[in-house]
Amino acid sequence: MVTPPFLLHAPDGFFSTPVALAMWAATIAVLAISLRKAGEDLDERAVPLMGVMAAFIFAAQMFNFQIPGGTSGHLLGGVLAGVLLGPWAGTIVMACVVGVQGLVFQDGGLVSMGANIFNMGIVGTLGGFALYRIIAAALGGELKGRLPAAAIAAWVSVEAAAVLAAFQLALSDTTSLGAALVAMAGWHALIGIGEAVITVAALSFIAASRADLLEMRHMRPSRPRTALSGELP
Amino acid sequence: MKIVATVGFILALSLLPVGSFIAIGAAWAALVALSMAARIGPVRMVRASFVALPFAAAALPLLFTKDGDAIGTMDFGLFALTATWPGLIAVLTILFKSWVSVQAATMLIFTTRFHDLMHGFERLRLPRLMVAIISLMYRYLAVLTGESSRMMRARAARSAALPGAKRPSVRWQASVVGNMVGALFLRSYERSERVYVAMQARGYDGTMVRHEAPPLGLPGFAAIGSVAVALAAFELVAFLWLPRP
Amino acid sequence: MTGGASGAASARPAVDVDALTFTYPDGTHALRGVTARLERGEKVALIGPNGAGKSTFMLHLNGINVPQSGRVTVAGLSVDDRNARHVRALVGLVFQDPDDQLFSPTVREDVAFGPLHMGLPRAEVEARVQRALASVGLSGFEEKAPYHLSIGQRKRAALATVLSMDPEILVLDEPSAGLDPRGRRELINLLRELPHTMLVSTHDMRLVADVFPRTLIMDGGRVVADGPTAKLLTDGALLEQHGLELP
Amino acid sequence: MTGGASGAASARPAVDVDALTFTYPDGTHALRGVTARLERGEKVALIGPNGAGKSTFMLHLNGINVPQSGRVTVAGLSVDDRNARHVRALVGLVFQDPDDQLFSPTVREDVAFGPLHMGLPRAEVEARVQRALASVGLSGFEEKAPYHLSIGQRKRAALATVLSMDPEILVLDEPSAGLDPRGRRELINLLRELPHTMLVSTHDMRLVADVFPRTLIMDGGRVVADGPTAKLLTDGALLEQHGLELP
Ligand SMILES: Nc1ncnc2c1ncn2[C@@H]1O[C@H](COP(=O)(O)OP(=O)(O)OP(=O)(O)O)[C@@H](O)[C@H]1O
Ligand SMILES: Nc1ncnc2c1ncn2[C@@H]1O[C@H](COP(=O)(O)OP(=O)(O)OP(=O)(O)O)[C@@H](O)[C@H]1O
Ligand SMILES: [Mg+2]
Ligand SMILES: [Mg+2]
């Protein structure tokens, strides 16, 4: 019933107005920067690529698995989006995902959307990607080093989003900091493990099938393979 | 226009002071009246609004952490939790606010076609790149969630169990999900390439040409203005005159 | 021992479906009383226009959908929520799009998924993987990424992913879709060789005529005809009435 | 005025391709010297096994791929980077999967996409949308989301998205894939009625026999046969050699 990562999708009413508006301001500022940066290194393929990728993140969050105890785990996708699309485009895509979830599917509120985008889209993707880059560089930059880097970044990104949400709830006087931290951070420490396993498995799957897609930060057209374009070399 | 009104409405709600149950109730009544006018059964709206419930857990601790007159104490042996009146009121305020807000947003969705929503965003100066991404995303949501549910169905079809055999580990299941995510990514990536070629074939060269959204005009601004005045008045009344416990 | 699925079942029909109905949550009446019976070892085609309910019906045979009313019995085992997982070991369901079915980085892992999930020991899993790949002619492809296979190879790999579970009954949804004529020919030969009880839905009348002695026609959520393929596929009026055509 | 595309072209062939080669960046030689010529108003089928190069060839006719060597001329206009945009207004290309082609939230927006990008005025765009939808039998579906259409309707909507650009030449990749027999029949009637010059790739030999007087067979990146359908499709040895089969 309760799909835990979506506890990060706060509905309206849980953040006080000043907190919600402040987070909106921060979100808009970062998105503006992302749009400019993404505009610099994406070509006219950007629109179809990012549109379909946003739908992909959304659909990928549907895959679930049973955790003993009756709940189920699934992907959040911030670090994955950052690694696959680059940090700026990934941030924009995640913002669209969270935005549509709030607007169309009532998964998170409208006034609180600024905070939700900030926690999941910006901290998760931009922050997660930065961490991924730093660790990957420290490990030598090879694929072998990049997978553990992605694992750590994925775990930290979920945990950081949860801690941030806890602080926002406490600042809003919705709950006490201690209780929020214990509930959110504790629970998401576990969720984060799932996130890390899924992110690593997804990246190694892609590395095994289309390593070229992981090489480039922004993608170029390559071979479209329709359902029927048969015999491969 | 509707977007502005909805966000304004929710903003006004969230500004209400703790304990303004009458004001929240009034806002809810207004919403229900509107929904009747728009012929969406209130049942449909209320049902859609229960998504906020799981989040109630986050507010519950407040019940115990506010100082004030105690309602009751739960004794857990090692420590005791004391629920207080101010705590209860705070929790209820949050829950009601959030419940009514969700219904307001639901109503926006039920009464506005996605297409018009996009036009609305263009008027609100959402960057065109994002508008274009969101419309494409919305279009391909159905296609890709269809793919992901078929993949899950195929997984279920092979998830057999022999009597007495042990369950596969959580870790293994999580990595299977990771593989499925990877497979879906490749399918989606290739889809995006085919979509790009299909767009190119019809003259796309990087800019999305669309019909301009019809301009808002004087009536539009007047409507927004009056909504703003109404909400401000509502706020004032709620702060100054309506009784709160 | 729950039902003597393999030994004692030989006298029982492989599949026995009685007055099955199914309505999707959005109110679509997809099945309005389906009754059908397959004997062990029979190969039966299931044809009918788009939306007839063929796929919905097939999902019942393996417990992914459970009967809302009516009854489905597979190898003597009644299909319900409780033993759906057990039934899945008996019925191998292959979907139309092999990309839905192949979600592992290598062919081996995909074919091993079912046996691993059943909790079989490692050596047994490996033996089954080898056997399943050999029977579809893909021995030696263990380490390939399914992604790099041609459409015809992916179709066969998808079949191998359920053969490795040693099912008694194969249920295939549109196996020939998207194949070129040579690929179709290979598929036809493969289906002829496999010894399993088979129910196969398709729009490909040539495939029906070539492989299946018996045919069911569905339309509007019901089985509207059931008989020898040779007889049904020459009844122009019947086919016409259900939006089908002569092979 | 760039080439008198419509008036003076009547004497010229609709499509003229000479010694066209194309290699993908990964080194696959997809086309190894394709030569072909279509007269105005001709309806030609393009058949061949998976991977023969049919789709790659079709992408050249509309300037999405430009010739690496050899020459492609469409209605007297040589296809190169410079006039690719102009060529796209002459050649309507429809892809196999209608979900790739229908990328807008409503049918109207999708059908209007081409004309809008040609810079036509609003009223003209709307008139063309109506005309295109009428000719595929989908008038009244303007506000529908593609998601809510059946597969047959989506296929026809995809065709409307290029008809609205008023092309001279239609290039269709696998138009009958996934349709049930009735849907196929409707498609066949539609293709017969449309007056355009047509090049259509397919694995559906019945479709070829029913609609196209002339057929091209491709294999291994070359056109290996070209002639009247009636003659090619009865040449069992030729078909066999290229992995095809009699209709
Ligand atoms: N983007 C690409 N990059 C590299 N190779 C490609 C690409 N697209 C196709 N190919 C290869 O080029 C060859 C021709 O492919 P093409 O899709 O044109 O064949 P086709 O005749 O359309 O096949 P089908 O009947 O399966 O649609 C094949 O070997 C294919 O694998
Ligand atoms: N998940 C779903 N929710 C609601 N309705 C559905 C769903 N899946 C199928 N349907 C509807 O149920 C009916 C039967 O569909 P089904 O897919 O079983 O037909 P089919 O015979 O397999 O058709 P096709 O030949 O196109 O595969 C159709 O009217 C279809 O629109
Ligand atoms: Mg079906
Ligand atoms: Mg092709």
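Below, chains carry the letters A, B, ... as their sequence lines are ordered, and counting in each starts from 1.
In this structure, the portions of B:L184 lying under 4.5 Å from any heavy atom of chain A include both its backbone and its side chain. In this structure, chain B has heavy atoms under 4.5 Å from both the backbone and the side chain of A:V97. Interface remark: A:M53 contributes side-chain atoms only to the contact with chain B (heavy atom separation under 4.5 Å). Neither the backbone nor the side chain of B:R187 has a heavy atom closer than 4.5 Å to any heavy atom of chain A. The part of B:L186 that comes within reach of chain A is its side chain, from C-beta onward, which places non-hydrogen atoms under 4.5 angstrom from that chain. With a 4.5 angstrom heavy-atom cutoff, B:A183 touches chain A via backbone and side-chain atoms both.
For the pair B:V181/A:F205, no side-chain contact is recorded, criterion being any heavy-atom separation below 4.5 Å from C-beta on. Residues A:M50 and B:L136 form no side-chain contact, since every pair of their non-hydrogen atoms from C-beta on lies 4.5 Å or further apart. Contact of the A:V47 side chain with the B:Y204 side chain is registered, since non-hydrogen atoms from C-beta on lie closer than 4.5 Å. With contacts defined as side-chain heavy-atom distances shorter than 4.5 Å, the pair B:Y189/A:R210 qualifies. Residues B:I134 and A:V100 have side chains in contact (heavy-atom distance under 4.5 Å, counting atoms from C-beta outward).
How far CG of B:L129 is from OG of A:S34: 11.0 Å, rounded to the nearest 0.5 Å. A distance of 9.0 Å separates CZ of A:F56 from CG of B:L144, quoted to the nearest 0.5 Å. For the atom pair CE of A:M62 and CE of B:M180, the computed distance is 10.0 Å after rounding to the nearest 0.5 Å. If you take OG1 on B:T145 and CD on A:Q61, they are separated by 12.0 Å, rounding to the nearest 0.5 Å.
Between A:F65 and B:A174 the shortest heavy-atom distance is CZ-CB, 3.8 Å. Annotation for A:R45 and B:S192: closest pair NH2-OG, 4.0 Å, computed over non-hydrogen atoms. When all heavy atoms of B:S188 and A:V52 are compared, the pair lying nearest together is O-CG1, 3.4 Å.
Most heavy-atom pairs under 4.5 Å with chain A: of the set B:E147, B:M130, B:Q200, B:R191, this distinction falls to B:M130. Options B:S148, B:S175, B:G146, B:S149 differ in how many heavy-atom pairs under 4.5 Å they form with chain A, and the most are formed by B:S148.
Residues satisfying the side-chain contact (heavy atoms from CB on, under 4.5 Å) test with A:T125, not counting sequence neighbours, are A:T91, A:M94.
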After noting the C-alpha distance and the side-chain angles of A:I92 and B:I133, does the key distance pass the side chain to side chain contact (heavy atoms under 4.5 Å, CB included) rule?
-> CA-CA 9 Å; A:I92 296 169; B:I133 291 174; 4.0 Å; yes
Applying side chain to side chain contact (heavy atoms under 4.5 Å, CB included), run through A:N64 and B:M152 and close with a yes or a no.
-> CA-CA 9 Å; A:N64 58 359; B:M152 281 195 282; 3.8 Å; yes
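The contact list for residues 193-202 of chain A toward chain B, using heavy atoms and a distance under 4.5 Å, reads A:V197, A:I198, A:A201, A:A202 by residue number.
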